[in-house]
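As a basis for the values below, the full set of heavy atoms in this structure was taken, side chains included, without hydrogen atoms, waters or symmetry mates. First the proteins, then the strands, lettered A, B, ... as listed; each starts at 1.
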Protein chains: 2
Amino acid sequence: MTDEVPRILTVQRAAHSLATPAQRGEAEAWADSPVALPFGPFDPGEHRTLELGLHNWVEQQTGLDLGYVEQLYTFGDRHRDPREQAGGPRLVSVGYLALVRQVPLSGAGEAEWHNWYDFFPWEDWREGRPAIVDQAIRPNLQTWIAQIADADERQTYQERLSIAFGTEAAPWDFERVLERYELLYEAGMIGEALRDAQIRAALSGRPVPQTDSETLETAERLGTPMALDNRRVLATALGRIRGKLKYRPVVFDLLAPTFTLLQLQRVVEALGGVRLHKQNFRRLVVSGGLVEPTGQRDSQSRGRPAELFRFRREVLSERPASGVGLPAARIIG
Amino acid sequence: MTDEVPRILTVQRAAHSLATPAQRGEAEAWADSPVALPFGPFDPGEHRTLELGLHNWVEQQTGLDLGYVEQLYTFGDRHRDPREQAGGPRLVSVGYLALVRQVPLSGAGEAEWHNWYDFFPWEDWREGRPAIVDQAIRPNLQTWIAQIADADERQTYQERLSIAFGTEAAPWDFERVLERYELLYEAGMIGEALRDAQIRAALSGRPVPQTDSETLETAERLGTPMALDNRRVLATALGRIRGKLKYRPVVFDLLAPTFTLLQLQRVVEALGGVRLHKQNFRRLVVSGGLVEPTGQRDSQSRGRPAELFRFRREVLSERPASGVGLPAARIIG
DNA sequence: TTATTTATACTCATATTGAGTATATTTATA
DNA sequence: TATAAATATACTCAATATGAGTATAAATAA
């Protein structure tokens with residue numbers, strides 16, 4: 001986090017990221033994005049555990065010392081890389097989510113920080129409901145679903161649309177990041193979907209599908225594409241972290257040891273993608289025993305100086321589920 | 001589920017379950033338990049996705065058609081199998097959690113249903129706080145922690161004990177199944193820990209540690225051991241499913257299409273390991289819109305016949321988080 | 001006919017939550 | 001120096017959710 005922007009660490013796409021690096025060529029219109037999540041091979045000979053391997057590799061590539069680390073998901077489907085052939089070798093990736101304070105980067109990986117919402121513009125509701133949701137996402141998805149021939153399948157997608165993007169009655173569920181991304185991919189609305197379709201067509205000798213400029217433009221407004229299925233991995237991570245906020249005090253790994261309550265709130269808001277009610281947030285976090293005052297005050301602010309707080313580790317053993325919840329209704333709009 | 005008992009599917013430990021099947025011998029006192037979770041190899045040539053591979057293999061081994069399936073965790077640490085050598089090949093397992101209605105089994109795997117709590121006797125609080133917690137678990141863990149030489153390390157373990165098993169002030173958190181299991185393993189209190197220590201000693205040529213009869217007896221009271229780290233996997237699954245209950249309607253996959261509210265409650269209680277307040281459970285589930293009445297009544301009961309309900313799928317698109325929560329305080333006891 | 005069992009409805013005190021008003025303490029500016 | 005603006009913090013209040021009951025209904029068993 002910097003300046004209320006949640007950031008992710010990326011590396012320049014390296015050669016060894018491709019399972020089958022040879023095949024390219026025709027499909028250059030949506031050529032692979034150079035931006036990728038940090039990743040590397042796991043060497044069972046060298047590393048006792050997956051997590052140790054991760055720590056080591058990230059340290060070497062970025063100079064970062066990881067604090068909180070949690071296994072996210074294991075991705076092993078063939079469609080991850082459109083170049084993989086049936087019967088060929090398979091790239092299986094075990095994804096991890098780590099939270100670190102933003103620090104200068106070093107190491108071998110050409111690592112960079114990126115605004116998380118550059119990849120998911122529709123997930124940031126802090127300035128209100130993003131215009132793109134009603135301008136492009138909903139109508140386009142609705143049109144796409146309407147042209148599905150099979151009635152059962154159409155019904156299933158209609159339900160998925162309601163669950164993922166909400167309805168008149170039901171609110172937007174901020175945790176369903178992956179569901180939203182997957183619908184957009186399946187509907188061919190985002191860059192990776194267009195790119196993968198082209199690659200697959202080129203590899204199988206079929207004519208490469210031409211994409212009309214409107215579709216292209218929408219795809220561009222739907223965020224920066226990433227290598228392979230990395231944006232899908234990232235969607236999984238955002239959904240997971242949002243879910244976790246509610247019942248585990250994970251945010252504190254993104255903050256300095258002492259912080260003002262507003263700083264804490266800004267981090268929660270940035271990850272959740274929503275604005276929260278300040279006074280109630282304070283009440284939740286203070287009387288909930290998540291933080292304790294240090295007696296010191298912050299000097300840097302404009303108005304009345306805020307007190308500095310620290311995380312109360314004891315809360316872990318006091319309350320079964322201690323987090324800073326983001327129920328749909330607690331949002332200020 | 002049958003008769004208020006949550007059951008898991010096991011297979012007889014097959015030869016191919018061992019990464020290095022040759023090495024055995026000395027350590028027969030705690031020989032490998034024959035009971036294992038269903039598992040099998042993943043063939044990337046044959047299966048497009050990990051989940052399809054899973055479906056296929058389970059179908060073939062047990063005759064079961066899996067409904068709800070969710071990826072659990074990927075286990076790839078060396079200590080999973082005490083026989084694995086540094087530098088040797090590594091067994092990496094992607095665990096999945098699937099919920100099915102109990103049906104007769106067939107297939108090649110000698111599959112059987114087992115009471116889940118046979119493996120975790122301390123997790124079932126439906127008849128009150130299990131005696132073993134205060135008789136054996138707490139005092140033994142406390143003694144074990146007390147003899148840790150390093151003060152920092154001792155402090156860390158003390159905190160883990162509080163978080164996992166609760167304190168006077170803090171309640172037992174029913175989701176922390178894995179944390180509890182791991183402490184018991186590390187303290188050498190359960191069968192697998194004793195077995196693995198013996199195997200490791202035998203393989204490295206050290207004298208095989210003798211276990212006194214009291215330790216052995218406690219280990220036996222702490223449930224049935226499983227092959228490799230399978231009980232750890234199972235602990236992960238129980239924790240996951242308990243957490244999921246709260247905010248996703250997963251239980252319905254374990255029930256017939258129509259059911260009485262008591263049947264529903266019993267399933268939730270069995271998984272959660274707690275008793276719930278009947279009237280409040282009804283209120284939660286009915287006015288929460290999770291179920292709807294069918295108009296039909298159940299004939300099989302003793303007292304007043306109960307109405308049959310069905311799951312309201314629409315709730316998925318209506319409420320962000322729809323589940324049948326089990327907060328610590330809602331427990332009857 | 002009565003006891004027992006189970007289901008369902010309703011009550012009520014308490015806790016939690018959402019939303020707001022009021023006040024305090026600072027810096028910036030007229 | 002006085003006042004405005006910004007920020008922090010305290011407090012109120014209605015609405016809702018939750019925990020723990022009591023009351024009543026509808027069946028079977030004795």
remark   = Taken to the nearest whole Å, CZ/B/F309 to P/C/dA7 is 11 Å
message = Both distances below 3.5 Å, Watson-Crick or wobble geometry, any strand: find the nucleotide opposite C/dA30.
response = D/dT1
ask   = So what's D/dC13 paired with, Watson-Crick or G-U wobble, going by both distances under 3.5 Å?
value = C/dG18
inquiry  = I need the A/E269 CD to A/R275 CZ distance, nearest 0.5 Å.
reply    = 4.5 Å
task = Could you please name the option among D/dC13, D/dT18, D/dA20 that lies closest to any side-chain atom of B/L284?
result = D/dT18
remark   = Separation of D/dT22 atom C1' from B/R282 atom CZ, nearest Å, is 16 Å
key: With A/W125, the ring pair (Phe, Tyr, Trp, His ring centres under 6.0 Å) member among A/Y117, A/F120, A/F174   = A/F174
message = In whole Å, I'd like the distance from the CZ atom of A/R275 to the C1' atom of C/dG18.
response = 18 Å
key: Within 6.0 Å of CZ in B/R313, more than 12 heavy atoms from elsewhere   = no
message = Counting the benzene-type ring for Trp, do B/F165 and B/W122 have ring centres under 6.0 Å apart?
response = no
request  = Send over the distance from B/L262 CG to C/dT5 C1', rounded to a whole Å.
outcome  = 12 Å
task = Among B/I241, B/L97, B/L234, find the one that has a side chain to side chain contact (heavy atoms under 4.5 Å, CB included) with B/L72.
result = B/L97
request  = Verify the contact: side-chain N or O of B/K278 to OP1 or OP2 of C/dT8, cut-off strictly under 4.0 Å; return yes or no.
outcome  = no
query = D/dT18 C1' sits how many Å from B/K246 NZ, rounded?
reply = 15 Å
request  = Could you state the atom-to-atom distance from CZ of B/F281 to P of C/dT6 in whole Å?
outcome  = 17 Å
request  = May I ask you to check whether A/F252 and A/F259 place their ring centres under 6.0 Å from each other?
outcome  = yes
inquiry  = From NE2 of B/H277 over to P of C/dA7, roughly how many Å is that when rounded to an integer?
reply    = 14 Å
For A/I145 against A/Y157, the heavy-atom pair lying closest together = CD1-O, 3.6 Å
Atom-pair distance (CG on B/N280; P on C/dA9), nearest Å = 14 Å
query = How would nucleotides 23-30 of chain D be written as a contact map, 5' to 3', with B for base contact, S for sugar-phosphate-only contact and - for no contact, using protein heavy atoms under 4.0 Å?
reply = --BBBSS-
inquiry  = By nearest heavy atom, map B/R283 and B/A306 onto DNA chain C; which one lands nearer the 5' end?
reply    = B/A306
